[in-house]
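Chain identifiers are assigned alphabetically (A, B, ...) following the order of the sequence lines, protein sequences preceding nucleic acid strands; residue numbering begins at 1 within each chain. Keep in mind that what you see is a predicted model, and the values were worked out from it rather than measured.
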Amino acid sequence: MGLTRRDILRWLATAGAGTAAAAWAKGGAAGLLALVREARAAAEGRPEGSAHSGEGMARDAAETRQWVMVVDLARCEGCRTLDRPPQCTVACTAEHHVPFDQEWIKVYEADDHGHHYFLPTPCMQCEKAPCVDVCPVGASYHAENGIVLIDHQRCIGCRFCMAACPYAARHFIWGDPPELPQTALVKYSPEYPLPYRRGTVVKCMFCAHRAREGRLPACVEGCPMGALYFGDYETDLASNGAEVVRLSRLLQERHAYRLKEKLGTRPRAWYLPGHGEAFLGQTPGDGAGVQGGAG
Amino acid sequence: MNAAYRRLEAASFRPLTEHTRGFLALVAGLFFVAGWGAYAWSLQLRHGLAVTGLNDLVPWGFYITNFVMFIGISHAGTFISAVLRLTGVGWRKPVVRMAEFMTIASLVVGAMMPLVDLGRPERILNVLRFGRLESPILWDLVSITSYLVGSLIYLYLPLIPDIARCRDALGDRVPAWRRRLYTALAAGWRNTPGQREALERGIRTMCVIIIPVMISVHTVVSWIFAMTLRTGWHSTIFGPYFVVGAIYSGIAAVITGMAIFRRAYRLQEWFTDRHFVYLGNLLLATGLFYFYFTFAEYLTIGYKLEPADKALLLELMVGRYAWVFWFWWLAGWLVPVLLLALPPTRNAWGVVTASVLINVGMWVKRYFIVVPSLALPLMPYEWALYRPTWVEFSIVIAAFAGFALLLAGLAKLFPLISLWEMEEDLAGEAPAREERPRVGRRAARKSGRVTRPAVAWGDGGEEGGAND
C-alpha cells in the first residue's frame, strides 16, 4: 500500500487522542487519514465480533480502538532457520521482564495429522473471556479497547481464571519475583504491571502500554518474519511493522480462523493458515521480513 | 428417670469431666501434627505458593482436593440428622449429634482450604468488597457460609436442653468458665411446655431449611469445576454427582467417627451394631448411586471419545493416573460395596472397614477429578506434571488433625449423644409428636439377620425401656 514506517507509527499513535493531535500537528498524515476514512466507510464489512457499540461509533475513532492480533502461520517457522529461540517470545520477555521462564507468547510446535507447523500463542483477549467471567473480585476485566487486563492490586490469587482459560494463556507469580533495577521506578498500571506482585496472575496484554504510545507490540516488532500483525477492528487496519493492510481483507482472503472457535470465546487473535512455507529455504529478513527495533 | 437413662447420662457426662491420659496424649499428638502444618503454612506465607508443586498448567492440587473432601464430609451430619428426622427414622437419635459435630468441624476445616490455596490470603476481604455474583466462587462463599450458619443453628437448637442439663448437673465438676458457658448457652432453658413447643418448632423449621442448603453446597462446589471449559469438568451431571459423592464420603466419615467414639467413650450400648448396619445400608445405597453417576459420567465421554476426552480417559485408565483411578474403583468402591452388601460382612466390623476404605478412596477420587483435567494438554504440548511437595502433604495432613481436634473439642464440651431426645425413648414415653417411627420399625424388621440391640431406639413406646 506504499505506506512507510512513519505512517504505521502515526496510525498507532492515534490510539491516544493527545498523541494523535501531536502527530497531526507535525503534518503529513493525509495518507493515514484517508485510510481511516476508507475503513470507516467499509464499517459494515467488519468481521464478526468487532464488538462496536453505537456509542463507540459516535466517539472519536482514536478512542475506540479494538485491538486484534493476526498470526500468519505461513510466515512463521518458529525461528528455526535463524537457529534461535522464537524471537517474538524473546522480545516479549525482554519488554515485560517476564519472570520465572514464563512465555507470554508461547510458540508451540504443532503436529496435526502430519502437518508440522509452529503456533505462536499470545493471550487471545477473548471477547467472551472465561477468565473474566469467573473472577470473583473483578480483577480480570476488559479494557475499552478489548484487551483483557488484570488489576494486580485486587487479584486474590485464587487462580480460577487459570483453570478457566482454554488457551493456557495465564501465568502465576508463584514466588517472589526478581527485583530488577530497570523496573524499580516503573509506576504500576494494569497495562504494564511492573513490578510484579507475588501471588497474582499475569499474562500477555497485547502490549497495551506500547499501543498507548503508538508502538507495535514487542512480539510484532520482534518477529523477523513479519508473521505477526497488530490490528484494529475499528479502523480495519493491521500492521506487521513492514506494511499496513486492511484487516478485514487480510482475514477474509487468507481464510483466517481462531483457536477453539467452537468454544464460543470469540478470541481476538486470528490465525492465517499455513505451515511456515513462505520462508522455507529463504533467509529471514528478505522480502516482507522486518528486523524489529523501535523507531 | 430410669436406670437406662442414668447410664446414658453418666456415660455422656464422663468425658466432659474426666480427661484420660489417652485423650491428653491424642490431643498432644494432634496438636503436634496441626502445629507442623501451621509451620508449613507459615513457610508458604513467607515464600508464596512457590513452595508447592503447583504450576501454571496445574494451578490447583492438594488444597482444592482437600477442600472438596472436607466440604463433602460436612454433608453427612445434615443428611443423617435432618433427612432422617424429617422422615421420622427413630434409630438416628443416638448418632445425630456426633454427625452434626462432624458437619461443623469439617465445614470449618474445608472452608480454610481455599484460604490456604490463595496467592494473596490477606486480600480475602476483597471477595466481600468487590465480589461478583457471576463468579462461582461467590456462589460457594454464599452457600458455604449459609450452610455453616444454618448448621450451627441446627446443632445448637437440639443442644439447648442438654446444655441446660450440663449447667444443672455438672456443677463443680467443670471449671467456672464452662459453667458460665453452659449458663449462657442454655439461654434460660427451664424445660417449660412453652419452651419445648418453641424449640421443637424451631428444630422442625431448621430441618426443612437446612436440607436444600446442604444440597446447594456441594452442587456449587462442583460448579467451580463444571463452569469451566475443561475436559473432564465440562459436565452437566457434576452437581448431583458431587452431592451424592459428598453424602457417600460423609456417611463413611460418620461411621468411622462412631467407631472411634464408641471405643473411646465406651458407647457400645448406644452406638449399637444395628446403627452401624443401618448406616451401612445408607452407605451402600449412596455408593450405588455414586456408581451410577460415575458410570454415566465416564460412559458418556467414553462412548464418543472426542480426542481430549479420549486422552483424559486413557491417562486415567492406563496412564499416569491409573493407580489412583483403579485404587478408587477397587478400594473406594468395589470392596466397600461388597463388604456392605454381602451377608458375612454386614456387621460393625465390615461396615467400619468399608467406611475407612471409602474415606481414603474418596480423597483419591477428588484428586483425580481435580488434577488430571488440569494436567491435560489444552494446547499442543505434553501432559503437565504436578508433584505435591512436603508443604502440601503437611498442610493436608494437618487439616485432618485440625478436624479431629475440633471434633474432640466439641465432644469434650457437649454431650455426644442427645440426652433429652434419648430420654423420651428410654423413659418409655410415647415418642415426641413429630416422630413417626414406622420407617425405623419397618427397616428394623426387614433386617432380620441383625442382632436386635438391647434397646430399640425409636421403635415405639411398647419397646422403649425394655432393656436389660
Counting heavy-atom pairs under 4.5 Å with chain B, which one of A:T265, A:V132, A:L259 comes out on top?
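Among the listed options, the one with the most contacts to chain B is A:V132.
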Contact leader toward chain B among A:G138, A:A110, A:P130, A:P136, where contacts are heavy-atom pairs under 4.5 Å: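 Highest number of heavy-atom pairs under 4.5 Å: A:P136.
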Taking 4.0 angstrom as the limit, do B:E306 and A:K262 come out as a salt bridge?
yes
Kindly compute the distance separating [atom1] ([X]) from [atom2] ([Y]), expressed to the nearest 0.5 Å.
| X | Y | atom1 | atom2 | answer |
| --- | --- | --- | --- | --- |
| A:D133 | B:R132 | CG | CZ | 6.5 Å |
| B:M379 | A:K260 | CE | NZ | 6.0 Å |
| A:C135 | B:L138 | SG | CG | 9.5 Å |
| A:I156 | B:F130 | CD1 | CZ | 11.0 Å |
| A:F160 | B:D117 | CZ | CG | 12.0 Å |
| B:L118 | A:C155 | CG | SG | 9.0 Å |

A quick test of your reading: do over 12 heavy atoms of other residues, nucleotides or ligands sit less than 6.0 Å from [atom1] of [X]?
| X | atom1 | answer |
| --- | --- | --- |
| B:W383 | CH2 | yes |
| A:L185 | CG | no |
| A:E179 | CD | no |
| B:Y39 | OH | no |
| B:W390 | CH2 | yes |

Against chain A, residues from residues 224-233 of chain B with at least one heavy atom under 4.5 Å, in numeric order, are B:I224, B:T228, B:L229, B:R230, B:W233
Taking a cut-off of under 4.5 angstrom between non-hydrogen atoms, the residues of residues 54-63 of chain B near chain A are B:L54, B:N55, B:D56, B:L57, B:P59, B:W60
Practice prompt. Could you please state which residues from residues 161-168 of chain A sit under 4.5 angstrom from chain B, measuring non-hydrogen atom to non-hydrogen atom, sorted by number, or 'none'?
Written response: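 Near chain B, by residue number: A:M162, A:A163, A:A164, A:C165, A:P166, A:Y167, A:A168.
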Next on the checklist: If the contact rule is any heavy atom under 4.5 Å from chain B, which residues of residues 169-177 of chain A qualify, in numerical order?
Outcome noted: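 A:R170, A:H171, A:F172, A:W174, A:G175, A:D176 fall under the 4.5 Å cut-off.
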Notebook entry, point to check: Is it the side chain or the backbone of A:Q102 that comes within 4.5 Å of chain B heavy atoms, both, or neither?
Noted result: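 Side chain of A:Q102 only, per the 4.5 Å heavy-atom cut-off to chain B.
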In terms of heavy-atom pairs under 4.5 Å with chain A, the winner among B:L133, B:T52, B:I64, B:I137 is B:I137
Item to complete: State, with a plain yes or no, whether a side-chain heavy atom of A:V137 is found less than 4.5 Å away from one of B:R123.
Response: no
Are any of the side-chain heavy atoms of A:L263 and B:H234 separated by less than 4.5 Å?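 No; the side chains remain at least 4.5 Å from each other.
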Legend entry - Verdict with reasoning, B:R120 to A:R197, per side-chain contact (heavy atoms from CB on, under 4.5 Å): CA-CA 10 Å; B:R120 303 297 295 231; A:R197 287 163 163 76; 3.8 Å; yes
